[in-house]
Amino acid sequence: MDKLTVRDIDISGKRVLVRVDFNVPLDEKTGAITDDNRIQATLPTIRYLIDRGARVILCSHLGRPGGKVVDKLRLTVVAQRLSQILGKQVGVTKDCIGSETEKSVKSLKDSDVLLLENLRFHSAEEMDSPVFARALARLADVYVNDAFGTSHRSHSSIVGITEYLPSVAGLLLEKELETLGSILKNPAHPFGGLVGGAKVSDKVGMLENIMGKVDFLLIGGGMAATFLKAQSYEIGLSLIETDRLDTAAGLMKKAAENGVRLLLPVDVVVTDEISAEAEGKVVSIENISPRQRIVDIGQQTLKNFYKELRRCKIVFWNGPMGIYEIPQFAEGTRAMAKLLAGIGAITIIGGGSTAEIVINMELADKMSFVSTGGGASLNFLGGQTLPGVEALLDKDSLAVGKLKRLIPSK
């Protein structure tokens with residue numbers, strides 16, 4: 001971790017603007033929060049600031065309002081849940097910028113917490129607008145990025161604001177970078193990668209970057225069909241990325257060159273149609289008919305994956321093994337989650353849908369680490385620079401000196 005964190009600065013009595021990721025799932029009918037894990041994940045940073053007498057200003061997006069005010073995407077429900085968790089009142093503003101918001105901020109006392117209204121009610125947020133960034137910066141003395149899940153986006157509240165405030169990492173962002181970074185720098189061996197999901201294209205960078213570090217790569221999910229097709233297997237009507245067949249072949253070749261054991265399914269669950277009423281059957285990969293679709297991994301594949309994963313000291317998992325939304329096609333994914341929850345290895349879950357799966361199965365506390373970032377974790381493990389991290393102050397004497405100059409005295 002080569003960036004300054006909130007631990008490196010004096011925040012007592014300061015107005016601290018914290019970018020969090022409170023993009024929580026809501027019940028479509030009632031509007032209630034159905035999973036508050038993203039709120040829980042940033043509590044260490046919030047409590048750290050409260051305990052040290054900071055004036056805490058939280059900002060986040062929720063959903064995709066498209067630059068317009070959408071009442072069902074207001075953050076009132078989030079403020080209410082956070083108030084319950086913290087045991088203290090968390091106010092919420094009517095807008096995230098403007099004179100009324102500035103008045104609300106000025107009324108804050110030490111250790112108070114205020115939540116700004118949905119950032120994406122302004123289209124300028126996703127445009128990385130300097131004007132919008134400056135308006136946010138006027139609210140605070142210091143900026144803290146604790147939103148790993150959106151740090152791969154060059155948005156005003158992620159990147160633009162760092163031009164106007166001394167900017168450091170929060171405790172969640174620090175934990176994400178250090179945990180995922182350990183995979184790239186010095187992982188324990190044997191190290192296994194369990195990779196699924198629909199598309200090869202989403203994970204090419206990550207697969208290429210960890211290829212020289214893993215001992216095993218186990219490929220499931222919809223993307224396995226592209227790998228099987230690259231080996232000339234009949235995959236029926238399964239959706240594949242035809243423009244990624246050479247990519248899949250190249251990854252298999254690179255695995256062989258690096259001494260990485262790459263396992264594909266040897267049997268799969270297939271169906272004639274994808275629907276809630278559809279029935280599946282298990283067939284070997286040599287017996288997939290032209291009219292069938294692959295929807296999950298089979299029992300022998302599960303046994304093969306089990307055998308390798310039980311040997312590992314560390315496992316990284318990203319992507320379901322089948323169509324998890326349809327119960328009869330979710331058995332492979334559920335079996336993998338249960339296995340990882342019970343083995344003695346360090347288990348790191350790569351965010352996105354995979355995180356939702358282990359949380360819904362109430363297995364998150366059985367995993368070593370569940371990332372809050374889907375796309376961000378893939379980009380980071382793919383060796384890409386995260387704009388939101390790159391924009392923060394480095395841990396060096398120049399940065400520390402800059403902090404002393406820029407953060408006003410109480």
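Here the structure is a predicted model, which is why all the values come from computation and not from measurement.
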Practice prompt. Output yes when a side-chain donor or acceptor of Ser123 lies under 3.5 Å from a complementary backbone atom of Lys68, and no otherwise.
Written response: no

Worksheet item: With no hydrogens and no angle check, do the side chains of Asp146 and Thr42 hold a donor and an acceptor under 3.5 Å apart?
Response: yes

Worksheet item: If only atom types and distance count, is the side chain of Asn318 paired as donor or acceptor with the main-chain N or O of Val195 below 3.5 Å?
Response: no

Worksheet entry | Under 3.5 Å: donor-acceptor pair, side chain of Lys88, backbone of Ser111 | yes

Fill in: Point-to-point distance, once rounded to the nearest 0.5 Å, from CD of Gln84 to CD1 of Ile39
9.5 Å

Worksheet entry | Residues Arg81 and Asp36 bridged, charged N to O under 4.0 Å | yes

Fill in: Heavy atoms from other residues, nucleotides or ligands near CG of Asp243 exceed 12 (cutoff 6.0 Å)
yes

Response to the item:
Result for side-chain contact (heavy atoms from CB on, under 4.5 Å) between Leu217 and one of Leu262, Asn258, Leu264 points to Leu262

Worksheet item: Just checking, any donor-acceptor pair under 3.5 angstrom between side chains of Glu117 and Thr93?
Response: no

Worksheet item: Taking the side chain as C-beta and beyond, is there a heavy-atom pair between Val24 and Val78 under 4.5 Å?
Response: yes

Worksheet item: Side-chain contact, heavy-atom cut-off 4.5 Å: Tyr48 with Arg7?
Response: yes

Item to complete: Report, as yes or no, whether the 6.0 Å neighbourhood of atom CZ on Arg244 holds more than 12 heavy atoms from other residues, nucleotides or ligands.
Response: yes

Worksheet item: Would you say the side-chain atoms of Thr271 and Glu279 include a donor-acceptor pair closer than 3.5 Å?
Response: no

Fill in: Nearest atoms (heavy-atom pairs only) where Gln328 meets Glu277
NE2-C, 4.1 Å

Practice prompt. Decide yes or no on side chain to side chain contact (heavy atoms under 4.5 Å, CB included) for Thr347 and Val370, but give the supporting numbers first.
Written response: CA-CA 8 Å; Thr347 49; Val370 180; over 6 Å; no

Item to complete: Search all heavy atoms of Thr45 against all heavy atoms of Leu172 and return the closest pair with its distance.
Response: OG1-N, 3.7 Å

Discussion item. Test salt bridge (Lys or Arg N to Asp or Glu O under 4.0 Å) on Lys3 and Asp394; report intermediate values, then the result.
Written reply: CA-CA 4 Å; Lys3 297 293 181 178; Asp394 294 325; 2.6 Å; yes

Discussion item. Once rounded to the nearest 0.5 Å, what's the spacing between atom CD of Glu273 and atom CG of Leu237?
Written reply: 12.0 Å

Worksheet item: How far does CG of Asn145 sit from CZ of Arg19, to the nearest 0.5 angstrom?
Response: 8.0 Å

Response to the item:
In short, Ser275 meets Phe329 closest at the heavy-atom pair O-CE1, 4.3 Å

Worksheet item: Does some side-chain heavy atom of Thr333 sit less than 4.5 Å from a side-chain heavy atom of Ile323?
Response: no

Worksheet entry | Gap between atom SG of Cys59 and atom CG of Leu139 - 0.5 Å precision | 9.0 Å

Worksheet item: Of Leu73, Thr150, Leu75, which is the lone residue that meets side-chain contact (heavy atoms from CB on, under 4.5 Å) with His61?
Response: Thr150

Worksheet item: Taking everything shown except Glu178 itself, do over 12 heavy atoms lie less than 6.0 Å from its CD?
Response: yes

Discussion item. Are more than 12 heavy atoms, taken from residues, nucleotides or ligands other than Gln299, located less than 6.0 Å from that residue's CD atom?
Written reply: no

Discussion item. Using the rule given for side chain to side chain contact (heavy atoms under 4.5 Å, CB included), can you reason through Ser377 versus Phe148, listing the C-alpha separation, both sets of side-chain angles and the distance that settles it, and then say yes or no?
Written reply: CA-CA 8 Å; Ser377 65; Phe148 176 76; 4.1 Å; yes

Item to complete: Decide whether His189 and Asp215 meet the rule of one side-chain donor and one side-chain acceptor closer than 3.5 Å.
Response: yes

Worksheet entry | Side-chain donor or acceptor of Gln292 paired with backbone N/O of Val269 under 3.5 Å | no

Worksheet item: With a 4.0 Å cut-off, would you call Asp71 and Arg74 a salt bridge?
Response: yes

Practice prompt. Determine yes or no for a side-chain-to-main-chain donor-acceptor pair under 3.5 angstrom, with Ser12 supplying the side chain and Gly53 the backbone.
Written response: no

Discussion item. Under the rule for salt bridge (Lys or Arg N to Asp or Glu O under 4.0 Å), what residues qualify as partners of Arg52, not counting sequence neighbours?
Written reply: none

Worksheet item: Is the side chain of Asp110 donor-acceptor paired with the backbone N or O of Ala54 at a distance under 3.5 Å, no angle test?
Response: no

Worksheet item: Would you say the side-chain atoms of Asn23 and Asp21 include a donor-acceptor pair closer than 3.5 Å?
Response: no

Worksheet entry | Test side chain to side chain donor-acceptor pair (under 3.5 Å) applied to Ser157 and Glu126, His122, Glu125, the passing residue | Glu125

Worksheet item: Does Arg261 pair with Glu308 as a salt bridge, N-O distance under 4.0 Å?
Response: yes

Item to complete: With salt bridge (Lys or Arg N to Asp or Glu O under 4.0 Å) as the test, would you mind laying out the steps for Asp2 and Lys395 before giving the verdict?
Response: CA-CA 5 Å; Asp2 60 355; Lys395 274 189 174 177; over 6 Å; no

Worksheet item: So with a 6.0 Å cut-off around NZ of Lys213, is the heavy-atom count from everything else above 12?
Response: yes

Fill in: Whether Ser167 side chain and Leu392 backbone form a donor-acceptor pair below 3.5 Å
no

Fill in: Nearest heavy atoms of Met211 and Val260, plus distance in Å
O-CG2, 3.0 Å

Worksheet entry | Leu239 atom CG: more than 12 heavy-atom contacts under 6.0 Å | no

Worksheet item: With a 4.5 Å heavy-atom cut-off, do Tyr164 and Pro130 have their side chains touching?
Response: yes

Worksheet item: Would you say Val315 and Phe191 make side-chain contact, with heavy atoms under 4.5 Å?
Response: no

Worksheet entry | Spacing of CZ belonging to Arg38 relative to CD1 belonging to Ile359, to within rounding of 0.5 Å | 8.5 Å

Discussion item. Would you compute the distance between atom CE of Met321 and atom CD1 of Ile219 and round it to the nearest 0.5 angstrom?
Written reply: 8.0 Å

Practice prompt. Answer yes when Glu100 and Lys103 have at least one side-chain N-carboxylate O distance shorter than 4.0 Å, and no when they do not.
Written response: yes

Worksheet item: Between Asn209 and Gly205, is there a donor-acceptor pair closer than 3.5 Å when you use the side chain of the first and the backbone of the second?
Response: no

Worksheet item: Any donor-acceptor pair under 3.5 Å linking the side chain of Thr301 with the backbone of Ile297?
Response: no

Discussion item. Whether the side chain of Glu176 engages the backbone of Thr372 through a donor-acceptor N/O pair (distance < 3.5 Å, no angle test) should be reported.
Written reply: yes

Discussion item. Do Lys229 and Leu245 make a side-chain contact, defined as non-hydrogen atoms from C-beta onward lying under 4.5 Å apart?
Written reply: yes

Worksheet item: Met361 and Ala337: which non-hydrogen atoms are nearest, and at how many Å?
Response: SD-CB, 3.8 Å

Item to complete: Show your reasoning for whether salt bridge (Lys or Arg N to Asp or Glu O under 4.0 Å) applies to Glu241 and Lys199.
Response: CA-CA 7 Å; Glu241 295 174 282; Lys199 296 181 179 180; 5.6 Å; no

Discussion item. Less than 3.5 Å apart, any donor N or O on the side chain of Thr34 or Asp27 sitting next to an acceptor on the other?
Written reply: no

Discussion item. Counting only heavy atoms from other residues, nucleotides and ligands, does the tally under 6.0 Å from CD of Glu257 exceed 12?
Written reply: yes

Discussion item. For a quick test of reading the model, state the closest non-hydrogen atom pair linking Ile288 to Ile294 and the distance between them.
Written reply: CD1-CD1, 3.8 Å

Practice prompt. Please tell me if the side chains of Thr162 and Tyr143 come closer than 4.5 Å, counting only heavy atoms from C-beta onward.
Written response: yes

Worksheet entry | Salt-bridge present (Arg55, Asp112; N to O < 4.0 Å) | no

